[in-house]
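Below: one structure, written as structure tokens.
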Amino acid sequence: MSSIQIYDSLEGQLRPFEPLQAGRVGMYVCGPTVYSHVHLGNVRTFLSFDLIFRYLQHQGLKVRYVRNITDAGHLVDDADEGEDKVGKRAKLEQLEPMEIVQKYTVNFHEVMQAFNALPPSIEPTATGHIIEQIALTQQLLANGWAYESNGSVYFDVEAYHAKHTYGVLSGRDIDAMRSGSRELDGQSDKRSPLDFALWKKASEAHIMRWASPWGEGFPGWHLECSAMSTKYLGESFDIHGGGMDLKFPHHECEIAQNQGAHAHGGARYWMHANMLTLNGKRMSKSTGNTLLPGELLTGNSPHLSKGYSASVARFFIHQAHYRSVLDFSDEALQAAEKGYQRLTNALNVLEKRTASGPVAGTFDVEAWQQGCVDAMNNDFNSPILIAHLFDAVKAIQADQQDPALLGQDGAAALLGHLKAWMFDVLGLQAEAASGATGASSQKALDAAMAIVLDARRKAREQKDWATSDAIRDQLAAGGIQVKDGADGSTYSVQE
RNA sequence: GGUCUCGUGGCCGAGUGGCUAGGCAAGGCUCUGCAAAAGCUUGUACAGCGGUUCGAAUCCGCUCGAGACCUCCA
């Protein structure tokens, strides 16, 4: 048995995963800022961690998975009068900020559900933890790592750096940053441009505001994650995840806050999911180079020739390793769709396998299973896992010709494992579930098609090819494809 | 400009100091009245130039190219 190895961004290398408490895992992942719809790039990150969450559970670990909702404090830019993202959107849509938060949180949940992502164990919000954030700010002030300035409180990076090291996670040299940073425009309350806000004073126009010891204001963006991870997972916990783009400054600041307040960096393993690019460029809300989940499902996008099911998208995403940049294209999606269909076809074949052949087969199911486990243990290498799944596909097909390959026991064992990998770990959904057809109409269609195919069978028996082909062509025109097999014809509905 | 990552066969995408990743596409074959579908099968890639090594695509250096971060973004 191999053990789980995790690539720790902090050390830049693979490390054996040893949870703080045997059998239990505390995992924190930075969630979305709910000021607009999540795009597929966001979805990729959350699906990467969903896969990790699922696999850890599959391995029998009890996971407390905390993923926050950022609903305040995330500014449009770093300028002192920067607008809050949620607040800005609220003005734009003429809604109460909390209506914006509600609207996009609901949307986020719908999207996550559509992609079959499991809900986290706890999903805390920044606005729900103002008290904790104020307390954390006070702690940092008391420890001497922060200062108040004109109603705002800033983290003193220079002071912190004198004792600890700022920039370890992102591999940044503070001296270079100091010289490379832009000049302060004179109206800043910060002592150093490197300092970041823990608490900001609210200007007249700022609509999201809370009372604090420093007057009315709002929390800095980085603060919520430190406050909430500590509250629900403790001062030291196992895994902290997020998108690669959060490494700096967000996670760097989080480490400084945790270190400054509790003398622990917080997470023991830092994991970063890589970006999803579109046309070779990063998907980003601000540049408009995006694809929304809904557009993917419907195909209503200039980037797509058709719609793809959520499972196909998941399959596509997990065919790449979470730490690699993945480029999104219609062609790649089509390839993934074909491959995914082959995988599900093989599963169907295996499910329908009749009890034939010897009890024991020659295919070593347990060795195959171990290969799958090894792949996932190696920093959640889902592409390798999927490659193994296709080895199983090959075996299942070969077994059709020679039932001694799997044997009855082997077939049953393989079926159980295969389903677990596909549905429990990779989070794929059975085809019927993602299709639009309901169970009742499917049943009706089956009944009607049985009649049609029977009529065609009779025509074929009489070698009445004209009639048989006419039926087939007309069905094809109506979107139903007929497949003639050795033991009768089957059909499938085309998209 | 600084920091970092990457450059794999037609496409996507793993991996690695010596042993076929995998998927899609393409060619061949089987099945078949024809077709479709399905299955089987073939292909020997690792940006370029040097270096280290018995041996490198894998390590080192340089060059070219791409991307990320350095200001908000998963």
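Per chain, numbering begins at 1; letters A, B, ... match sequence-line order. As the structure is a prediction and not an experimental result, all values here were calculated from the model.
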Quiz item: Between A:Asp330 and A:Lys306, what is the shortest heavy-atom contact and its length?
Solution: OD1-N, 4.3 Å
Practice problem: Mind listing the closest non-hydrogen atom pair of A:Val373 and A:Tyr55 along with its distance? | Solution: O-OH, 3.4 Å
Which nucleotide in the set [options] lies at the smallest distance from any side-chain heavy atom of [X]?
X: A:Pro249; options: B:C70, B:G33, B:A74; value: B:C70
X: A:Pro383; options: B:G15, B:C70, B:G13; value: B:G13
X: A:Thr45; options: B:A38, B:C70, B:A74; value: B:A74
X: A:Lys338; options: B:G15, B:C24, B:G33; value: B:C24
X: A:Ala320; options: B:A36, B:A14, B:A74; value: B:A14

Please tell me whether [X] and [Y] have a donor and an acceptor in their side chains that are separated by less than 3.5 angstrom.
X: A:Tyr28; Y: A:Asp238; value: no
X: A:His272; Y: A:His251; value: yes
X: A:Asp189; Y: A:Ser152; value: no
X: A:Gln370; Y: A:Asp374; value: yes

Practice problem: Looking at every strand, decide which applies to A:Ser468 at a 4.0 Å heavy-atom threshold: base, sugar-phosphate, or nothing. | Solution: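 Since a base atom lies under 4.0 Å of A:Ser468, the category is base.
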Quiz item: So what does A:Gly242 touch, heavy atoms closer than 4.0 Å: a base, only the sugar-phosphate, or nothing?
Solution: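 It contacts sugar-phosphate atoms only.
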Tell me whether the guanidinium CZ or amine NZ of [X] lies under 6.0 angstrom from the six-membered ring centre of [Y] and within 45° of its axis.
X: A:Arg323; Y: A:Tyr7; result: yes
X: A:Arg67; Y: A:Phe49; result: no
X: A:Arg172; Y: A:Tyr166; result: no

Quiz prompt | Complementary nucleotide of B:C54, counting Watson-Crick and G-U pairs under 3.5 Å | solution =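 In the structure as shown, B:C54 has B:G18 as its Watson-Crick or wobble partner.
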Practice problem: Hunt down the Watson-Crick or G-U wobble partner of B:A36, both distances under 3.5 Å, from any strand shown, or write none. | Solution: none
Using a cut-off of under 3.5 Å, enumerate the N/O to N/O pairs linking the protein to nucleotides 9-12 of chain B.
none

Quiz prompt | Within residues 384-398 of chain A, residues whose heavy atoms come under 4.0 Å of RNA chain B | solution = A:Ile384, A:Ala387, A:Phe390, A:Lys394, A:Gln397
Between [N] and [M], how many Å separate the two [atom1] atoms, rounded to a whole number?
N: B:G39; M: B:A68; atom1: C1'; value: 43 Å
N: B:C54; M: B:C70; atom1: C1'; value: 45 Å
N: B:G15; M: B:G55; atom1: P; value: 27 Å
N: B:G7; M: B:U63; atom1: C1'; value: 13 Å
N: B:U42; M: B:U53; atom1: C1'; value: 34 Å
N: B:G43; M: B:G48; atom1: P; value: 22 Å
N: B:U30; M: B:A66; atom1: P; value: 48 Å
N: B:A26; M: B:A45; atom1: P; value: 22 Å

Self-check item: 5' precedence on RNA chain B between A:Gly339 and A:His222 (nearest-nucleotide basis)
Solution: A:Gly339
Quiz item: If you find the nucleotide of RNA chain B closest to A:Gly41 and the one closest to A:Gln401, which residue's nucleotide is nearer the 5' end?
Solution: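 By nearest-heavy-atom nucleotide position, the 5'-most residue is A:Gln401.
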Give the table of side-chain donor-acceptor pairs shorter than 3.5 Å for residues 314-322 of chain A, with sequence neighbours excluded, one pair per line with atom names and distance.
residue	atom	partner	partner atom	Å
A:Arg314	NE	A:Leu426	O	2.8
A:Arg314	NH1	A:Asp50	OD2	2.9
A:Arg314	NH1	A:Phe115	O	2.9
A:Arg314	NH1	A:Asn116	O	3.1
A:Arg314	NH2	A:Asp50	OD2	2.8
A:Arg314	NH2	A:His318	NE2	3.3
A:Arg314	NH2	A:Leu426	O	3.3
A:His321	NE2	A:Asp379	OD2	3.4
A:Tyr322	OH	A:Asp379	OD1	2.7
A:Tyr322	OH	A:Asp379	OD2	3.2

Quiz item: Among all residues two or more places apart in sequence or in another chain, which pass the side-chain contact (heavy atoms from CB on, under 4.5 Å) test with A:Pro302?
Solution: none
Quiz prompt | Distance in Å, A:Ile207 CD1 paired with A:Lys91 NZ, rounded so as to fall on 0.5 Å steps | solution =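 The distance works out to 5.5 Å.
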Pick out the pairs of N or O atoms, protein on one side and nucleotides 4-6 of chain B on the other, that lie under 3.5 Å.
none

Counting just side-chain N and O atoms, does [X] come under 4.0 Å of either OP1 or OP2 of [N]?
X: A:Arg323; N: B:A14; answer: no
X: A:Thr277; N: B:G67; answer: no
X: A:Arg342; N: B:G39; answer: yes

Scan the side chains in residues 464-472 of chain A for donor-acceptor partners under 3.5 Å anywhere in the protein, sequence neighbours excluded, and list what turns up.
residue	atom	partner	partner atom	Å
A:Asp464	OD1	A:Thr467	N	3.2
A:Asp464	OD1	A:Thr467	OG1	3.1
A:Asp464	OD2	A:Thr467	OG1	2.4

Self-check item: Distance-only donor-acceptor test (3.5 Å): side chain A:Asp469, base B:G33
Solution: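 Answer yes: a donor N or O sits under 3.5 Å from an acceptor.
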Quiz item: B:C24 P sits how many Å from A:Phe328 CZ, rounded?
Solution: 18 Å
